[in-house]
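In what follows, chains carry the letters A, B, and so on, assigned in the order in which the sequence lines appear, proteins first and then strands, with residues in each chain numbered from 1.
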Amino acid sequence: MNWLRKNLIAIIGILVLIYLFIPIAVIAVMSFNKPEGKFNISWNQFSTDAWQNLCGVPGVCDSFLVSIQIGLISTVVATIFGTMIAFALVRYRFRGRSSTNLLIFLPMATPEVVMGSSLLALFLNLRFPLGEVTVIIAHIMFIISFVVVTVKARLQGLDPRLEEAARDLYASPRATFRYVTLPLVLPGIIGAALLGFALSFDDFIISFFNAGTLVTFPIFIWGAAQRGIPVQVNALATLVFLVALVVVLTSQFVSYRRRKSLEILPEEDRSPATVDVMSRS
Amino acid sequence: MRQVDDLRLDHLTKSFGEMTAVDDLSLTIPAGSFFALVGASGCGKTTTLRMVAGLEDPTSGRILIGDRDITGMRAYQRPVNTVFQSYALFPHLDIYENVAFGLRRRGIKDVKGPVESMLDLVELGPMARRKPSQLSGGQQQRVAVARALINEPEVLLLDEPLGALDLKLRRQMQIELKRIQTEVGTTFVHVTHDQEEAMTMADTVAVMNAGRIEQMGYPAEVYELPRTLFVANFLGQSNIISGAVAGSDGSMVTVSAHGAAFRLPGDRNSASGAAILVGVRPEKVTLLDAVDSARVPAPHNRVDGTVTDVSYTGVSTQYLVRTPWGQELTVFEQNDIVGDRAAVGDPVVMHWAVEHTFGLEP
Ligand SMILES: Nc1ncnc2c1ncn2[C@@H]1O[C@H](COP(=O)(O)OP(=O)(O)OP(=O)(O)O)[C@@H](O)[C@H]1O
Ligand SMILES: [Mg+2]
C-alpha cells in the first residue's frame, strides 16, 4: 500500500506514455509484417520486404516526395514572411497594428474544413488550376500564423538594451541584426520552422480540398486505406517518426548543452583554477 | 596620453510629448576628468547620457566633442561608449567575445592582444571563455566596463553601473573605476544616486534637478557652499532657517530670523532679495550646555534650544534640538568628548562659525 502511494505518479505516467506510444509501436512493428491478404492488420510473418523495397508500391514514394517538397517550400516561405511580420509587429508602431495582431490568429482559429473549402471556392472562382501551387499557397497561409506567434514571443522577450549596447559598440543596424538580434531570436525561428514543416507534412483536410489531382502522402494513405494499406506506408511512417525523433533529441541535446554552459556555477567552482578546466571542456 | 577633447553640451533639450526631461542644459566637461552627475530619480540623468551616446535624439541643442559637432552622428559612429546600468552583456557571447565586440565591428582583425590586456586590467583573464550568466554581479560589471573601455572612447558614460552591487563590492568597484580612469585618461561621465560615491570619485560634481543643472563644481566646493535649497538638501543634510536680510556691514550680511540675529559672509549669500534662508551643515554646529553659554565664541552664530532626540551612530551622535520658535535643527557631534553627552530635555546652546554659514534664495 505504502509502495503504491509512493509510486502512483510514476505508474500513471508510464501508463499514459504507453497509451501514447502504442500506436506508434504498432506501426513500427507492423512495418516488419508480411500480411496474409490485402490488409496489414494482423501479424503474420516477419519480413523486411517493405523496408528493402520502400517504393515498391506505385505512388507511395511519389506522394511522399510531394509532401516533403510542399513542406519544405511552404515552410521556408512562411518562415521568412512570418519572421518579418513578427519583427514589424513587435518593433514598429503603425496603423492597423493591433488588428493585424488579431487577424494573424484567425487561420489558427478557423476550422480546417472551413478554411479548406473556402480556399477551394476562391481558387475555383479565380479559375486557378488546382495542384501543388494551390496546396503550397494554402499551407503557407496557416503556417505563417504559427511562425508569427512563435517568433513574436521570442522577440518580445529580447531586451532592447542589448541592441542599444550593440549600436553603442559601433555595430551598424545591419551588424546589430546580424550579430545580436538574429542569434538571439534564431532558436525561436528554427522552432517555428520545425513546427511549420510538421504541420504541412501532416495536413490532410486543407490539402485534400485544394490538391486537385495531386496526391500528397496523407492523401495517398487515405486512398490506400480503403483498398488495404501497403506495408511500405508503415515503413515510411516509421522512418518519418525516426527522423522527427532525431531532430527532437538533437535540439534537446543542444539546448541541454547550452543550459549547462549557462548554468550559474556553485561558489566553489568560481576559483580560477577550475575555470581553466571548465573552459576547455 | 592621447589627446582628448572636452565634451560640451550646448542648450540641450529633450521633451517626451508634454514632459521636458532635459531642459536647456549647457555644460562643459573637461577632457580626462571624472564627472559625476547626481540628482533625484527622474530628473533626466539617463536621458542626458542617452543623448550623448546617440541612443536618443535631442529635441534641440547640440553635443560637441572639442569643436566636432556629434549631434547628428549615429550611435555607432560616435567616439563614445556606455556602461549600462543593467550591463546589457550579450548573453550568447562569452566574455572574450563580449569585450572584442566593438573592435570586431570596427573591422579590427587582431583583437587578441587588446582583449587579453583589457581582461587583465579588470582582472578577468581566467574567465574569458565563460558566458555572462556564469559571472557574479561585480564580475559582470567589470566586463561591461572592459567592453566599453577597450574601444578607447573619448568619453565613457556610466549610468549607475554600481547600483546593483552591495556596499562592500561597491566601494571596491569605486576604487577600481577610479584607478582605471586615472590609468587610461578617458573622460568619465558617471551617473549615480549615491552622493557619497559622487563626492569621493569625481573631480567635478553636478547636481541635477528637474532637467537642469542646479550647481556644479569641485565636490568639496559644492558641499561646503550649496547655492540652492535643492543642493543643500540633496548633497548631504542642511539646517535651514528662514529670515530676512537686516543689513550688511562691509563683507558681512546680517540676517534677522525669529528674533535672533545671524551673520554670514557676503560671498556666501546666494539670496538676491531681502528674504533669505540661512543654512549650516549639521556637523559644523557645536552643542554646549546652557550653563556654559558664556563659552560661545563671540563672533559665532548661536541659537538656544532644547534637546528632543539623541541617536548614537557609532562615529558620531546625532541630536535634534528644538529652537525657541519650534523648529528642529540637526547637530552631528563626533564621539570624541569625555564625559556625559547631552540628554533629551537638556537646555543647550548651538553655535557655529560665521564662515560655515551660507545664505540661499527661498
Ligand atoms: N522614452 C520615454 N518616454 C517618455 N518619457 C520618458 C522616456 N524616457 C524618460 N522619460 C521621462 O523623462 C524623465 C527623465 O527620465 P530619466 O530616465 O532621464 O531619469 P533619471 O534621472 O535617469 O532617473 P533615475 O535616477 O530614476 O534613473 C522621467 O520623468 C521619465 O519619466
Ligand atoms: Mg536613470
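Crowding of B:R74 atom CZ: a count of heavy atoms from other residues, nucleotides or ligands under 6.0 Å not exceeding 12. Residue B:F16 places its CZ atom among more than 12 non-hydrogen atoms of other residues, nucleotides or ligands, all under 6.0 Å distant. Counting non-hydrogen atoms of other residues, nucleotides and ligands closer than 6.0 Å to CG of A:L102 gives a total of 12 or fewer. For CD1 of A:I11, the number of neighbouring non-hydrogen atoms (other residues, nucleotides, ligands) closer than 6.0 Å is greater than 12. Counted within 6.0 Å of CZ on A:F81, heavy atoms from surrounding residues, nucleotides or ligands total 12 or fewer; the atom is thus considered open. No more than 12 heavy atoms of other residues, nucleotides or ligands lie within 6.0 Å of CZ in A:R161, so this atom counts as exposed by the packing criterion.
For the pair B:N81 (side chain) and A:D168 (backbone), a donor-acceptor distance under 3.5 Å is present.
Residue B:I150 does not touch chain A at all, counting heavy-atom pairs closer than 4.5 Å. Contacts between B:T82 and chain A at a heavy-atom distance below 4.5 Å involve backbone atoms as well as side-chain atoms.
Contact residues of residues 96-120 of chain B toward chain A are B:F101, B:G102, B:R105, B:R106 (heavy-atom distance under 4.5 Å).
Sequence neighbours left out, the pairs with a member in residues 38-58 of chain B that pass salt bridge (charged side-chain N to carboxylate O under 4.0 Å, His left out) are A:E164-B:R50, B:R50-B:E56.
Most heavy-atom pairs under 4.5 Å with chain B, from the set A:A171, A:P183, A:P173: that is A:A171.
Judged as a ring-ring contact (aromatic ring centres under 6.0 Å, His included), and not counting sequence neighbours, the contacts of B:F34 are B:F188, B:H190. Under the side-chain hydrogen bond (donor to acceptor under 3.5 Å, both in side chains) criterion, A:T181 pairs with A:E163, not counting sequence neighbours.
Contact record, B:A88 with A:A165: O-CB, 3.9 Å, taken as the closest heavy-atom pair. Nearest heavy atom pair, residue A:L162 against residue B:P91, reads CD1-CD, 3.7 Å.
Between atom CZ of residue A:R167 and atom CD of residue B:Q77 there is a gap of 11.5 Å, rounded to the nearest 0.5 Å.
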